[in-house]
Colleague: 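First the structure, then my questions, so here it is.
Since this is a predicted model, take the numbers as computed values, not measurements.
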Amino acid sequence: MIRYVARRLGQAAVVLWGAITLSFIIVQLTPGDPARLMVMGGEGADAGAADDSQIAQIRREMGLDQPLVIQYVSYLWRVLTLDWGTAYSQQRQSVSAVIGDNIGATVELGVTSLVLMTVLGIAFALGSVLLPTRWLRSAFQGITVIGIAVPSFVMAILLLQVFSFRLGWFPAFGAGDFRSVLLPSITIALLGAGTLSQVFARSIREVSAEGYVEVAQARGLGPAKVVLTHVLRNASLPVYTIVGMLVGGVVSGAAIIEIIFGRPGVGQLYVEAVSARDFPLIQALIVLTGGLYVLVTLIVDLSYPLIDPRVTSPAASGRASGRRNR
């Protein structure tokens, strides 16, 4: 167990270091002078009107006047100490303050979306396996395919037209009471629930073919009883994996959804930072997104042994290695 946890922590550290390094490389690979681009992008000035003294100040603040190795070491230290610098496109506020003002709305949207996504995905997976007639099971499977195939902006527009403009059940734009977060959350949840449902239903069918399940059926237990009491726990491992992977989709999808629904948040902030070429803010958002993904994935990995102790057993590891070698 200790080796398993140490290995997962090491992998998480490597991935997070990769995200930090990527955010540093983006600035270095930017054509032209990043400081000049920020002045031009943040203030809408042209190249001739750029203030040379302001550009020099930005270069000093970002450490761009230092050798590359010193820049990288200094950047790593600033990340570790959460010193992100100045968001030049946001009235020169600190990056931490800007993100702090916007992250609450995105967390609210993301958590609500993940909860709805998990509930809908599990419900549709169980429906596609346990419903009594074949056409009902096929109908549930078909609905999940729609969720996978429809782009997020199309889903958002359809839901706005039906539930906001025609029925008036939800506000169309802005962030206010809890109703304002439901429609954007449902939009994101429907897109991820399709993938989650398909994976979970396939896992249930695979586990249902195991010998111990056949024994339970031979004892006279009904299909629903067998699935709920004997199959779900072992079939849920892929669900944990998919939920962890879908966190990245929720974060990236939040940018589009927040713009369509006129909500404040990190997603919309990301778009504004890229448009203004605000590199310190872009770097912080990349690390924040990567760190969130690493944290959720780590939690999922560390929860595996609680669901199935065989994950950390040497015998299971040996069998898994043998299957990979074959």
Side-chain angles (χ1 to χ4, degrees), residues 4-31 34 37-38 61-64 66 68-90 94-107 109-111 113-114 152 188 192 240-258 265-304:
Y4 175 83
V5 172
R7 185 166 63 250
R8 291 295 181 267
L9 289 174
Q11 292 171 351
V14 170
V15 174
L16 184 57
W17 170 79
I20 294 171
T21 302
L22 175 63
S23 67
F24 175 80
I25 292 175
I26 285 177
V27 176
Q28 305 304 319
L29 295 182
T30 300
L37 289 174
M38 284 196 294
E61 291 176 356
M62 294 184 61
L64 297 175
Q66 301 292 326
L68 186 61
V69 175
I70 296 178
Q71 288 185 45
Y72 181 64
V73 174
S74 176
Y75 178 66
L76 288 178
W77 175 250
R78 293 201 307 272
V79 171
L80 291 175
T81 57
L82 302 181
D83 178 15
W84 299 106
T86 303
Y88 296 95
S89 63
Q90 304 291 323
S94 71
V95 171
S96 299
V98 171
I99 293 177
D101 291 340
N102 288 270
I103 197 171
T106 299
V107 169
L109 175 63
V111 171
S113 301
L114 285 173
S152 59
I188 298 176
Y240 280 86
T241 303
I242 291 297
V243 169
M245 295 175 61
L246 288 175
V247 168
V250 169
V251 174
S252 60
I256 298 174
I257 299 304
E258 286 174 355
V266 172
Q268 187 158 183
L269 187 63
Y270 218 136
V271 175
E272 294 173 0
V274 172
S275 299
R277 303 180 181 91
D278 192 337
F279 293 107
L281 186 53
I282 294 172
Q283 288 177 316
L285 291 172
I286 290 174
V287 176
L288 176 66
T289 304
L292 176 63
Y293 181 80
V294 168
L295 176 62
V296 174
T297 304
L298 181 62
I299 292 173
V300 169
D301 286 343
L302 296 181
S303 68
Y304 279 171

Colleague: For Ala273 versus Ile282, what's the shortest heavy-atom pair and its separation?
Modeller: O-CD1, 3.6 Å
Colleague: May I ask you to test the Trp84-Ser96 pair for a side-chain heavy-atom distance under 4.5 Å?
Modeller: yes
Colleague: Show your working on side-chain contact (heavy atoms from CB on, under 4.5 Å) between Leu281 and Tyr270 and close with a plain yes or no.
Modeller: CA-CA 8 Å; Leu281 186 53; Tyr270 218 136; over 6 Å; no
Colleague: Kindly compute the distance separating CD1 (Ile26) from OG1 (Thr21), expressed to the nearest 0.5 Å.
Modeller: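 If I round to the nearest 0.5 Å, the distance is 11.5 Å.
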Colleague: If you look at every heavy atom in Leu285 and Val266, which pair is closest and at what distance?
Modeller: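 Here Leu285 and Val266 meet closest at CD2-CG1, 3.5 Å.
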Colleague: Write down the atom of Gly291, the atom of Leu16, and the distance for their closest heavy-atom approach.
Modeller: CA-CD1, 3.7 Å
Colleague: Does Ser23 reach the main-chain N or O of Ile286 with its side chain, forming a donor-acceptor pair under 3.5 Å?
Modeller: no
Colleague: Give me each pair satisfying ring-ring contact (aromatic ring centres under 6.0 Å, His included) with a member in residues 5-25, each pair once, sequence neighbours excluded.
Modeller: Phe24-Tyr72, Phe24-Tyr75
Colleague: Where do Gly290 and Ala19 come nearest, in terms of heavy atoms and distance?
Modeller: CA-CB, 4.4 Å
Colleague: Kindly compute the distance separating CG (Asn102) from CG (Leu269), expressed to the nearest 0.5 Å.
Modeller: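 Separation between the atoms: 5.0 Å.
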Colleague: How close do Val95 and Ala87 get, counting heavy atoms only, and between which atoms?
Modeller: CG2-N, 3.6 Å
Colleague: Rounded to the nearest 0.5 Å, what's the gap from CD1 on Ile257 to CG on Leu109? Could you check?
Modeller: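 Interatomic distance, Ile257 CD1 to Leu109 CG, rounded to 0.5 Å: 8.0 Å.
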Colleague: Taking only residues two or more places apart in sequence or in another chain, which ones pass side chain to side chain contact (heavy atoms under 4.5 Å, CB included) with Asp83?
Modeller: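 Only Arg78, Thr81 meet the side chain to side chain contact (heavy atoms under 4.5 Å, CB included) criterion with Asp83.
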Colleague: What verdict does the side-chain contact (heavy atoms from CB on, under 4.5 Å) test give for Ile103 and Leu288, after you've listed the backbone C-alpha separation in whole Å, the side-chain angles of each residue and the deciding distance to 0.1 Å?
Modeller: CA-CA 10 Å; Ile103 197 171; Leu288 176 66; 4.1 Å; yes
Colleague: Where is the tightest heavy-atom contact between Ala105 and Gly265, given as atom of each residue plus distance?
Modeller: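 Closest pair (atom of Ala105, atom of Gly265, distance): CB-CA, 4.4 Å.
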Colleague: Please confirm whether the backbone N or O of Gln71 pairs with a side-chain atom of Ser74, one donor and one acceptor, at under 3.5 Å?
Modeller: no
